[in-house]
Amino acid sequence: MTEIHIVCDYPHPPAKVWRAVTDPDLIPLWTATGQGGRPVGFAPVPGTRFQFVAKPRPGWRGIVDCEVLEVREPSLLRFSWTGDEGGKTTHVTYRIEPRGDGTRFTFDHTGFTGPGGFVLAKLLGSVRKKMLTVGLPAVLDDLDHGHVDLSLVRRGSAPGMPGLRVRKP
């Protein structure tokens, strides 16, 4: 079985990281760096069924079906992930823990099987790494400075990073 495992340390408190990865208005800001989708119907509540909706591509309808499986605010979020209708379900886990003056964020995506799963894990792994090393740090920094304009997320606009606009202080 193949998996994706990414660990990042952020100079931000766990509560802020939790907010960035669980607030439906903030999620598209950091997933956009990896061409990820916006969460439709998401709430950090076990049993919640939701979808990540992105631009369809050849061979992919642009929708990932998910269900929240476990939540321990502000330290754990676990959900199922089904990328294709009738496809194999995998699992995504976010772990958030205090680390020095900041937060250690651990991303795990498990359950990939066979040669196709190996290829998909490699592809998604590079995308997730970009989201977590470029997109999420930018959102966390912008939250520090009050530069996130959530009205753009709701309208779905902003060049380069849909929903993110940095305002000059």
Side-chain angles (χ1 to χ4, degrees), residues 3-55 62-83 89-111 124-158 161-167:
E3 64 181 46
I4 301 167
H5 178 76
I6 301 169
V7 178
C8 296
D9 291 327
Y10 301 120
H12 302 278
K16 181 183 292 179
V17 176
W18 177 262
R19 178 180 173 215
V21 300
T22 62
D23 183 323
D25 287 331
L26 296 176
I27 293 168
L29 300 179
W30 60 271
T31 63
T33 57
Q35 300 178 10
R38 69 187 190 294
V40 175
F42 174 78
V45 176
T48 300
R49 293 181 185 273
F50 68 99
Q51 295 179 317
F52 280 110
V53 179
K55 184 178 178 181
I63 297 172
V64 177
D65 295 304
C66 303
E67 181 179 353
V68 177
L69 303 172
E70 186 178 2
V71 177
R72 277 185 268 143
E73 183 178 347
S75 61
L76 178 81
L77 174 65
R78 185 170 175 264
F79 56 93
S80 64
W81 175 283
T82 307
T89 298
T90 57
H91 296 94
V92 175
T93 304
Y94 300 164
R95 287 185 176 79
I96 298 170
E97 58 186 317
R99 182 84 169 184
D101 290 338
T103 300
R104 171 155 289 175
F105 180 85
T106 303
F107 173 93
D108 287 300
H109 193 158
T110 61
L124 289 176
S126 64
V127 170
R128 298 303 173 262
K129 186 170 184 178
K130 184 175 181 183
M131 287 180 186
L132 298 174
T133 60
V134 177
L136 187 54
V139 170
L140 292 167
D141 289 345
D142 286 343
L143 283 173
D144 275 345
H145 300 100
H147 293 166
V148 176
D149 185 346
L150 296 178
S151 67
L152 292 174
V153 176
R154 292 181 194 101
R155 289 197 309 263
S157 64
M161 190 180 235
L164 183 63
R165 179 175 70 191
V166 177
R167 294 185 300 232

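When reading the values below, keep in mind they use all heavy atoms of this one structure, side chains included, and skip hydrogens, waters and symmetry mates. Small disclaimer: the values here were computed from a predicted structure and weren't measured. Numbers here are sequence positions counted from 1.
The shortest side-chain heavy-atom distance between Pro39 and Pro28 falls under the 4.5 Å cut-off. With contacts defined as side-chain heavy-atom distances shorter than 4.5 Å, the pair Ile96/Pro74 does not qualify. Side-chain atoms of Pro44 and Val68, non-hydrogen and from C-beta on, never get closer than 4.5 Å to each other. Side-chain contact check for Ser80 versus Leu69: some heavy-atom pair is nearer than 4.5 Å.
Judged purely by atom type and a 3.5 angstrom limit, Trp30 uses its side chain to pair as donor or acceptor with the backbone of Ala20. Thr103 contributes a side-chain N or O that, together with a main-chain N or O of His12, makes up a donor-acceptor pair within less than 3.5 Å. No donor-acceptor distance shorter than 3.5 angstrom exists from the side chain of Thr110 to the backbone of Glu3, with no hydrogens or angles considered.
Residues passing the salt bridge (charged side-chain N to carboxylate O under 4.0 Å, His left out) test with Glu97, sequence neighbours excluded: none. Remark: Arg104 engages Asp9 in a side-chain hydrogen bond (donor to acceptor under 3.5 Å, both in side chains) (not counting sequence neighbours). Residues passing the side-chain hydrogen bond (donor to acceptor under 3.5 Å, both in side chains) test with Thr89 are Thr82, sequence neighbours excluded. Qualifying salt bridge (charged side-chain N to carboxylate O under 4.0 Å, His left out) partners for Glu73, counting only residues two or more places apart in sequence or in other chains: none. Every side-chain hydrogen bond (donor to acceptor under 3.5 Å, both in side chains) that His5 has, sequence neighbours left out, goes to Asp108.
With rounding to the nearest 0.5 Å, the separation of CG in Asp25 from CZ in Arg19 is 9.0 Å. Here the CD atom belonging to Gln51 is positioned 12.5 Å from the CD atom belonging to Glu67, to the nearest 0.5 angstrom. Atom OG1 of Thr22 sits about 6.5 Å away from atom CD1 of Ile27, to the nearest 0.5 Å. Atom NZ in Lys130 sits 12.5 Å away from atom CG in Leu132 (nearest 0.5 Å). How far CG of Leu29 is from CG of Asp142: 8.5 Å, rounded to the nearest 0.5 Å. Distance CD1/Ile4 to OG1/Thr93: 11.5 Å, rounded to 0.5 Å.
Val45 approaches Thr48 most closely through the heavy-atom pair O-OG1, 2.8 Å. Here the closest non-hydrogen pair linking Ile6 and Lys129 is CD1-N, 3.6 Å. Listed here is the closest heavy atom pair of Thr133 and Cys8: CG2-SG, 4.1 Å. Closest of all the heavy-atom pairs between Ala54 and Gly37 is CB-CA, 3.9 Å. In plain terms, the two heavy atoms of Leu140 and Tyr10 that are nearest each other are CD1-CG, 3.8 Å.
Applying the ring pair (Phe, Tyr, Trp, His ring centres under 6.0 Å) rule to pairs touching residues 63-82 yields Phe50-Phe79, Phe52-Trp81, Phe79-Tyr94, Trp81-His109, sequence neighbours excluded.
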